[in-house]
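Values in this document were obtained by computation on a predicted structure and should not be read as measured data.
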Amino acid sequence: TAPILLEAATWLNQSPKAVVSVKVTATARTMEQAQTLCALVTRQMTPHLLGDPARILSVPEVQPDAPEGGAVRIAVGR
């Protein structure tokens, strides 16, 4: 697991909203790349987050001008 994802999970677990949903948004140049990035981040963070794994919502987004490797945003709530 990438250190930045471990840090994000730690912050999310310390939040007063630790039991609400977590939204993982991946932005990439293609839908396939965005879906792959969402799946990777979700899979790596799930074991480190408190609560039901079903609360993690993955949202792939396509933007033609996204960074070449894509970008990820992790937020509490919907």
* Show your reasoning for whether side-chain contact (heavy atoms from CB on, under 4.5 Å) applies to Ile74 and Met45. => CA-CA 10 Å; Ile74 302 167; Met45 284 190 69; 3.5 Å; yes

* Take His48 and Leu12, measure what side-chain contact (heavy atoms from CB on, under 4.5 Å) needs, and give me the verdict at the end. => CA-CA 10 Å; His48 304 287; Leu12 290 168; over 6 Å; no

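A distance-only check finds a donor-acceptor pair linking the side chain of Arg55 to the backbone of Val20 [under 3.5 Å].
Side-chain contact check for Ile4 versus Leu6: every heavy-atom pair is 4.5 Å or farther apart. Side-chain contact between Thr46 and Pro53: present, with at least one pair of heavy atoms (C-beta onward) separated by less than 4.5 Å. A 4.5 Å side-chain heavy-atom check between Leu57 and Val22 finds every atom pair outside the cut-off.
Under the rule for a side-chain hydrogen bond (donor to acceptor under 3.5 Å, both in side chains), the partners of Ser58 that lie at least two apart in sequence or sit in another chain are Thr42.
Among all heavy-atom pairs drawn from Val24 and Cys38, the shortest one is O-SG, 3.7 Å.
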Atom pairs and distances, side-chain donor-acceptor, residues 26-33, under 3.5 Å, sequence neighbours left out:
{"from": "Thr27", "atom 1": "OG1", "to": "Glu61", "atom 2": "OE1", "distance (Å)": "3.4"}
{"from": "Arg29", "atom 1": "NE", "to": "Ala66", "atom 2": "O", "distance (Å)": "2.8"}
{"from": "Arg29", "atom 1": "NH2", "to": "Ala66", "atom 2": "O", "distance (Å)": "3.3"}
{"from": "Thr30", "atom 1": "OG1", "to": "Gln33", "atom 2": "N", "distance (Å)": "3.1"}
{"from": "Gln33", "atom 1": "OE1", "to": "Arg29", "atom 2": "N", "distance (Å)": "3.4"}
{"from": "Gln33", "atom 1": "NE2", "to": "Glu68", "atom 2": "O", "distance (Å)": "2.9"}

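No continuous path of ILVMFWY side-chain contacts below 4.5 Å connects Leu40 to Val72, so the two sit in separate hydrophobic clusters. By the rule that hydrophobic residues join a cluster once side-chain heavy atoms approach within less than 4.5 Å of another member, Leu49 and Leu37 end up as members of one cluster.
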